[in-house]
Undergrad: 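Here you go, one structure.
Reminder, nothing fancy here: chain letters follow the sequence lines and each chain counts from 1.
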2 protein chains.
Amino acid sequence: MMIQIEPDTDIPIYTQLTNQIIEGIARGHIKPGDSLPSVRSFAADLGVNMHTVNKSYHELEKKGIIQIVPKSGAVIIKHEGIDDVTYQKLKEDVKPHIAEAMVFGMTEEDIQQLVKSIIVELKEKN
Amino acid sequence: MMIQIEPDTDIPIYTQLTNQIIEGIARGHIKPGDSLPSVRSFAADLGVNMHTVNKSYHELEKKGIIQIVPKSGAVIIKHEGIDDVTYQKLKEDVKPHIAEAMVFGMTEEDIQQLVKSIIVELKEKN
DNA sequence: AATTTTGTTCTAGTCAATATAGAACACATT
DNA sequence: AATGTGTTCTATATTGACTAGAACAAAATT
């Protein structure tokens with residue numbers, strides 16, 4: 001797990017961590033069934049507070065991406081398909097960015113290619 | 001301009017306002033050259049503070065979407081194409097959501113169609 | 001069996017962000 | 001002249017973010 005935390009961003013540390021763990025799963029670096037490091041060891045590695053990592057784990061659990069087993073660890077959940085609630089939330093999150101792209105004159109094809117480039121980037125093996 | 005502010009969300013009011021103005025432009029309800037209401041009158045309409053609207057306007061100006069002319073008003077800028085900096089920032093903003101979609105088992109086609117449905121929704125005339 | 005590690009929970013503190021409020025200013029518009 | 005405009009300033013209350021230390025019970029390890 002190569003995690004890069006940038007302390008001087010307006011993005012909270014726990015959000016950065018959450019996003020990079022999600023990316024790690026999407027990239028295939030972490031697979032369903034795998035366990036995340038303990039909050040203490042991970043916090044020590046990253047040079048952040050234990051509670052910050054804990055908050056990230058609970059955010060991932062709330063999203064339904066990991067399952068926290070008390071006194072044991074955080075395990076990546078395997079997903080067959082996306083449920084409707086998650087889908088709608090995802091849609092609401094993406095919508096503002098699509099709208100902004102359209103304001104800047106991007107066409108449907110432009111936006112679709114932007115999305116494709118992101119997917120390709122995430123599918124790359126590194 | 002039909003603006004719906006939800007005070008009991010974790011999304012800041014000024015962000016809600018910013019996003020809905022952007023959506024309004026994407027939908028064609030507001031066009032380049034049009035002026036936004038004054039911060040005072042808009043604040044009164046929405047039932048929020050003047051400074052909150054002011055913050056939203058400055059966020060839109062920072063994004064390069066409007067131009068604030070002191071003592072005059074806020075005018076929607078016309079965009080021919082998107083510049084590289086904005087494009088990259090947009091890409092970084094969208095990436096986490098795409099990654100999350102992939103974690104939930106959505107395929108490239110699934111994601112492409114999600115994007116298409118958002119675009120269609122924004123292009124609808126209402 | 002004893003020790004270590006685990007996630008959890010609690011209090012505590014600092015700093016920044018959010019939102020509201022009121023006032024005053026200089027400049028345009030009416 | 002009066003009004004409306006964006007700007008700027010101080011002020012306050014609330015919440016979020018982050019760090020810190022301590023303690024607990026249960027699991028894993030030795």
Undergrad: Once rounded to the nearest 0.5 Å, what's the spacing between atom CD1 of Ile21(B) and atom CD of Glu59(B)?
TA: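 Ile21(B) atom CD1 to Glu59(B) atom CD measures 9.5 Å (nearest 0.5 Å).
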
Undergrad: Can you check salt bridge (charged side-chain N to carboxylate O under 4.0 Å, His left out) on Glu121(A) and Lys95(B), steps first, answer last?
TA: CA-CA 10 Å; Glu121(A) 205 172 299; Lys95(B) 189 190 282 185; 3.1 Å; yes

Undergrad: So which heavy atom on Val48(A) is nearest to which on Thr52(A), and how close?
TA: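 Val48(A) and Thr52(A) have their closest heavy atoms at CG2-CB, 4.5 Å.
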
Undergrad: Strictly below 4.0 Å, heavy-atom distances to any atom of DNA chain D: list the hits from residues 7-14 of chain A, or just say none.
TA: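 When residues 7-14 of chain A is checked for heavy atoms under 4.0 Å from DNA chain D, the hits, listed by number, are Pro12(A), Ile13(A), Tyr14(A).
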
Undergrad: Of all the heavy-atom pairs spanning Ser56(A) and Leu17(A), show the shortest one and how long it is.
TA: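 Looking at all heavy atoms of both residues, the shortest contact is OG-CG, 3.7 Å.
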
Undergrad: Pick the closest DNA chain C nucleotide for Ser72(A) and for His51(A) by heavy atoms, then say which residue is nearer the 5' end.
TA: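 Checking each residue's closest nucleotide, the 5'-ward one belongs to Ser72(A).
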
Undergrad: Minimum heavy-atom separation for Ile111(A) to Met102(A), with atom names?
TA: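 Closest approach of Ile111(A) to Met102(A), heavy atoms only: CD1-CG, 3.9 Å.
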
Undergrad: Mind calculating the distance between CG (Asn54(B)) and C1' (dG22(C)) to the nearest angstrom?
TA: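 The answer, rounded to whole Å, is 15 Å.
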
Undergrad: Rounded to whole angstroms, how far apart are OH on Tyr57(A) and P on dT8(C)?
TA: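 About 11 Å, once rounded to whole Å.
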
Undergrad: For the hydrophobic clusters of this structure (ILVMFWY residues joined by side-chain heavy atoms under 4.5 Å, transitively), does one cluster hold both Val75(A) and Ile30(A)?
TA: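 Val75(A) and Ile30(A): separate clusters.
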
Undergrad: Could you tell me the separation between the CD1 atom of Ile68(A) and the C1' atom of dT5(C), rounded to a whole number of Å?
TA: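 It works out to 17 Å between those atoms.
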
Undergrad: How close do Tyr57(B) and Ile66(B) get, heavy atom to heavy atom, and via which atoms?
TA: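 Residues Tyr57(B) and Ile66(B), closest heavy atoms: O-CD1, 3.3 Å.
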
Undergrad: Checking Gln16(A) side chain against Ile11(A) main chain: does a donor-acceptor pair fall under 3.5 Å?
TA: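 Present.
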
Undergrad: Please examine the side chains of Ile77(B) and Ile65(B), heavy atoms only from C-beta on, and report whether any two atoms are closer than 4.5 Å.
TA: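 Side-chain contact under 4.5 Å: no.
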
Undergrad: In whole angstrom, what separates Asn49(B)'s CG from dT20(C)'s C1'?
TA: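 The distance from CG of Asn49(B) to C1' of dT20(C) comes to 5 Å, rounded to the nearest Å.
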
Undergrad: What is the separation between atom CG on Leu46(B) and atom P on dT20(C), rounded to the nearest whole Å?
TA: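 Taking atom P of dT20(C) as the reference, CG of Leu46(B) is at 10 Å.
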
Undergrad: Is there a path of hydrophobic side-chain contacts, each under 4.5 Å between heavy atoms, that joins Leu114(B) and Leu122(B)?
TA: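 Yes; Leu122(B) is reachable from Leu114(B) via cluster members.
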
Undergrad: Roughly how many Å is it from NZ in Lys71(B) to C1' in dA24(C), rounded to a whole number?
TA: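 For the pair Lys71(B) NZ and dA24(C) C1', the rounded distance is 11 Å.
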
Undergrad: So, is Thr52(B) near the phosphate of dT20(C), with a side-chain N or O under 4.0 Å from OP1 or OP2?
TA: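 The answer is yes; a side-chain N or O of Thr52(B) sits under 4.0 Å from OP1 or OP2.
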
Undergrad: Do Thr18(A) and Thr15(A) have a side chain donor and acceptor closer than 3.5 Å?
TA: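 There is no such pair between these side chains.
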
Undergrad: Select from Thr15(A) and Ser38(B) the residue whose nearest nucleotide in DNA chain D is closer to the 5' end of that strand.
TA: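 By nearest-heavy-atom nucleotide position, the 5'-most residue is Ser38(B).
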
Undergrad: Using a heavy-atom cut-off of 4.0 Å to chain B, what are the terminal contacting nucleotides of DNA chain D, in 5' to 3' order?
TA: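 Range of nucleotides touched by chain B: dT5(D) to dC9(D).
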
Undergrad: Report the distance from atom CE of Met50(B) to atom C1' of dG22(C), rounded to the nearest whole Å.
TA: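 Whole-Å distance recorded here is 9 Å.
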
Undergrad: Starting at atom NZ of Lys55(B), determine the distance to atom P of dA17(C), rounded to an integer number of angstrom.
TA: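 Rounding to the nearest Å, NZ of Lys55(B) and P of dA17(C) are 8 Å apart.
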
Undergrad: Take the C1' atoms of the five end pairs on each side of the helix from dA1(C)-dT30(D) to dT30(C)-dA1(D), get both axes, and report the angle to 10 degrees.
TA: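 Answer rounded to 10°: the end axes differ by 30°.
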
